[in-house]
Each structure stands twice: as C-alpha cells, then as structure tokens.
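Counting convention: from 1, in listed order, for ligands and their atoms alike. Because the structure is a prediction, the values reported are computed rather than measured.
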Amino acid sequence: MAGPSPIAFVLPVGERGGAESVFFEILRRLDRGRFAPVAIFLRDGPFVREVEEVGIPLHVQPITRLSDPFNYGRTIRALRQRFAQWGAQLVVSSHGYGHLYGGVAAWWARIPAIWWQHGIASSRHLLDHMAVCVPARVVVASSHSAAEAHRRAFGFARTPLRVIHPGVDVDWFRSPDPQRLARLREELRLERFRYLVSAIGRLEPGKGQDLFLRAARLVSERRPDVGFLIVGEGMSGTRSRYASALRAMVVALDLGGRVVFAGFRREIPEVLAASDLLVHAATRPESFGLVLCEAMAAGRPVIATDIGGAREVVVPGETGWLVPPGDPVALARAVLSLLGDVERRRAMGQAAERRARTYFEARRMVAQFERVLDELLLGS
Ligand code: UDP
C-alpha cells in the first residue's frame with residue numbers, strides 16, 4: 001500500500017501572522033496516515049523554529065526580491081529540486097507572493113498547486129495580477145468576502161475558488177497558563193488597571209492602532225480606570241515609522257501610563273485572559289482576522305470594524321459589535337457600553353466562545369482542507 005502523500009507547503013514569511021497561524025495548525029494536524037507535510041520557507045524567522053519544534057521537515061530557501069531575476073530563477077530551480085527530492089504530490093503556497101514561487105516551481109515540476117490567498121485581491125495590485133497567471137488547481141480564500149474580492153478583481157477564472165474559514169485551537173486559547181499570566185501581569189504592571197482593552201496585530205496603518213488610540217482617549221475621559229494594551233510589532237521586528245508615530249500619539253493624546261506597548265508576544269492566551277475585550281480597528285478590509293476568533297475562543301467579546309472578513313466572524317449584539325471603519329467615536333461608544341455592563345460582557349463572551357467552537361475550530365478547518373487535498377490527489 002502506498003504511504004502518506006508528501007504535500008509541500010511554500011511559506012514566504014518566517015514570522016507569525018494570520019496566515020502562519022493557519023498553516024501552523026494545518027501542518028501539525030494533517031492526518032499523518034494520509035499526508036506527509038513538508039515546508040519550505042522563503043524567509044527565516046522565529047516562526048520557522050516553531051514549525052521545526054512540532055517536527056515538520058522543513059527547508060529555508062531565502063529570497064531577496066521578486067524583481068531580482070537571478071535570485072528568482074535560482075529559487076525556482078531549488079524549489080523544484082526539493083519537490084522532486086521529497087516526492088511532493090501537491091504544492092500549497094501561502095499568499096500571492098508564495099504562489100509566484102511555489103506555484104511556478106510546481107508548474108515546472110508538473111505537480112498540482114493550491115494557492116491559499118490569505119488576502120483581499122485587488123485588480124490594482126501588480127502582484128495579484130501576476131499570481132493569478134500562475135496555474136493553480138484550486139484557490140482557497142479565507143472568507144466569502146475575500147472570495148468576492150477575488151472574483152471582482154479577476155472574474156470567474158478557470159480555477160475553482162473555495163472558501164475555508166480559518167480556525168484556531170480553541171482549547172489552547174481557553175486555558176491560559178496561570179504562571180505565564182501572572183508573569184505577564186507583573187511585567188506589564190497590568191494590576192493598576194481595573195479594565196483592560198487590547199488590540200493584537202502587526203503595527204501597521206491598515207490595522208488601525210491609531211484609531212484604537214483615539215478611541216482610548218475618548219474612553220479614558222469617561223473612565224480613568226481603563227488600560228489599553230497594544231500587542232504586536234512592525235513587520236520584521238523593525239521599529240517602523242508607524243510604530244514610532246503611535247508612541248508619539250500616546251504622548252500627544254496625554255495617554256501616557258494608560259497605554260502599554262507589549263511588543264510581539266507568543267503568550268496570546270494569557271494576553272486575552274488578562275483582557276476584558278478585544279478591539280480590532282482595521283481600516284482596510286481583511287480577508288479574515290484570526291485574532292477575532294482567538295479572542296472569541298478565550299471567551300472575550302470583540303469590537304471590530306464593519307468591513308471584510310470580520311463580518312463573517314462577529315455577530316453584532318451577540319458576540320461583540322461591528323462599528324464603522326475610521327470612526328473613533330463609535331469605537332469608544334462600543335467599548336464604554338461593554339465595559340459598563342458586566343452581565344452583557346459575560347454573556348457575549350460566552351456566546352463568542354460557543355461561536356468559535358462551532359465555526360472556527362482548527363479541526364474543522366483542517367478537515368475541510370483535507371477534503372480539498374483528497375479531491376486533488378484522487379483526481380490527479
Ligand atoms: N500574533 C502573535 N503575537 C503578536 C501579534 C500577533 O502571535 O504579538 C498572532 C495572532 O495571535 C494571530 C496572528 O498573529 O494568530 C495575526 O493574525 P490576523 O489574521 O489577525 O492578522 P494578519 O497577520 O493575517 O494580518
């Protein structure tokens with residue numbers, strides 16, 4: 001009997017973001033009786049170590065830039081060789097960027113490719129235009145909103161488009177480690193706040209941490225006992241211009257002492273356990289927004305902006321609120337209403353957890369993805 005089918009995953013980023021959290025669950029949970037996952041990273045970083053630690057065979061093939069033809073050609077050749085060496089039967093690439101490498105090498109090696117979109121496609125982006133030209137047997141979108149954007153940008157192309165909602169390890173987010181939680185509270189001196197409102201994600205304008213701060217200003221005028229926690233860093237751990245602007249904003253808004261910048265954290269279950277609610281103030285549509293599900297899994301209500309994939313995650317009035325994007329007043333009002341009503345907050349938190357368990361559990365996502373793999377392997 002044939003052994004498990006080797007499936008090669010091509011991941012362009014070595015740091016954890018939403019796509020990486022999704023692939024982490026897939027890599028470690030795929031049914032090993034049927035699938036043998038292997039990973040190629042196009043950049044090194046701490047996430048590579050995490051994948052290594054869960055025993056996934058991997059290779060780092062560092063790239064420079066897509067516009068560097070020498071490096072591009074060398075990378076494609078190297079990927080093709082790796083696929084052959086591993087006997088890969090399918091290649092799964094993350095993001096359009098990953099598909100421009102993984103998909104092209106797969107095409108050259110005559111291996112069927114899957115492209116997991118992970119973003120909101122746009123006909124204005126050259127990279128998306130290039131990526132849709134690379135053959136894929138299936139394109140996976142993380143939400144109906146992302147699938148719709150893909151169709152709007154590129155029409156109903158030949159390639160089938162599937163929606164798989166990302167999922168999280170609900171039990172992990174439900175069970176913070178008491179010692180880690182105590183350390184976190186002590187390190188960030190969180191005890192000084194009666195309530196803690198958190199925002200988790202890369203520090204970049206699209207994530208709307210500046211709106212979070214503007215809303216924080218309005219909230220703190222009414223409730224001086226609230227702390228605001230910003231978790232995450234700029235891309236590649238750099239102190240980006242935006243990150244510096246946020247720190248300057250804290251001073252300008254006279255929020256010093258109320259706002260805590262925690263930097264990148266792995267202990268997200270503990271961050272959420274220390275928080276009363278999560279705010280996700282994205283100003284651009286996101287394909288999904290995994291932190292929303294993570295917070296819900298941890299039993300925390302979520303206030304998100306009414307755009308993109310967040311609409312498929314949050315049920316307004318039941319598991320949290322959706323507010324218009326770019327509106328700090330509406331955001332502050334939603335925060336104040338939840339902080340002021342402990343019963344409502346608790347009920348919403350419970351409903352949020354139930355929803356995460358029912359619709360956004362990692363096992364469900366992996367089962368759906370395995371069905372796509374099976375279809376392609378049996379059909380190829
Ligand atoms: N994340 C983390 N530590 C941080 C900030 C973010 O582990 O300090 C993780 C977070 O838990 C989530 C992912 O990064 O799993 C962010 O996913 P999301 O879909 O919200 O945003 P994306 O990165 O896809 O834009």
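Residues in residues 205-218 take part in these salt bridge (charged side-chain N to carboxylate O under 4.0 Å, His left out) pairs, two or more places apart or across chains: Lys207-Glu286, Arg217-Glu221. Sorted by first and then second residue, the ring-ring contact (aromatic ring centres under 6.0 Å, His included) pairs with a member in residues 268-300 read His165-Phe288, Phe288-Phe360; sequence neighbours excluded.
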Between the protein and ligand 1, which nitrogen or oxygen pairs come in under 3.5 Å, and how far apart is each?
unit_1: ligand 1; atom_1: 3 (N); unit_2: Arg265; atom_2: O; d: 2.7
unit_1: ligand 1; atom_1: 7 (O); unit_2: Arg265; atom_2: O; d: 3.4
unit_1: ligand 1; atom_1: 8 (O); unit_2: Arg265; atom_2: N; d: 2.9
unit_1: ligand 1; atom_1: 11 (O); unit_2: Glu294; atom_2: OE1; d: 2.6
unit_1: ligand 1; atom_1: 11 (O); unit_2: Glu294; atom_2: OE2; d: 3.3
unit_1: ligand 1; atom_1: 15 (O); unit_2: Ser21; atom_2: OG; d: 2.7
unit_1: ligand 1; atom_1: 15 (O); unit_2: Glu294; atom_2: OE2; d: 2.6
unit_1: ligand 1; atom_1: 17 (O); unit_2: Gly18; atom_2: N; d: 3.1
unit_1: ligand 1; atom_1: 19 (O); unit_2: Leu290; atom_2: N; d: 2.8
unit_1: ligand 1; atom_1: 20 (O); unit_2: Leu290; atom_2: N; d: 3.3
unit_1: ligand 1; atom_1: 20 (O); unit_2: Val291; atom_2: N; d: 3.3
unit_1: ligand 1; atom_1: 21 (O); unit_2: Lys207; atom_2: NZ; d: 3.0
unit_1: ligand 1; atom_1: 23 (O); unit_2: Gly18; atom_2: N; d: 2.8
unit_1: ligand 1; atom_1: 23 (O); unit_2: Arg202; atom_2: NH1; d: 2.9
unit_1: ligand 1; atom_1: 24 (O); unit_2: Gly18; atom_2: N; d: 3.1
unit_1: ligand 1; atom_1: 25 (O); unit_2: Arg202; atom_2: NH2; d: 3.1
unit_1: ligand 1; atom_1: 25 (O); unit_2: Lys207; atom_2: NZ; d: 2.7

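Cation-pi check for Arg16 over Phe24 is met; the charged atom lies under 6.0 angstrom from the ring centroid and within 45 degrees of its normal. A cation-pi arrangement is found for Arg247 relative to Phe261, the charged atom lying closer than 6.0 Å to the ring centre and inside a 45° cone about the ring normal.
Between Arg265 and Leu188 the shortest heavy-atom distance is NH2-CD2, 3.9 Å.
In this view, Asp306 and Arg311 satisfy the salt bridge (Lys or Arg N to Asp or Glu O under 4.0 Å) rule, not counting sequence neighbours.
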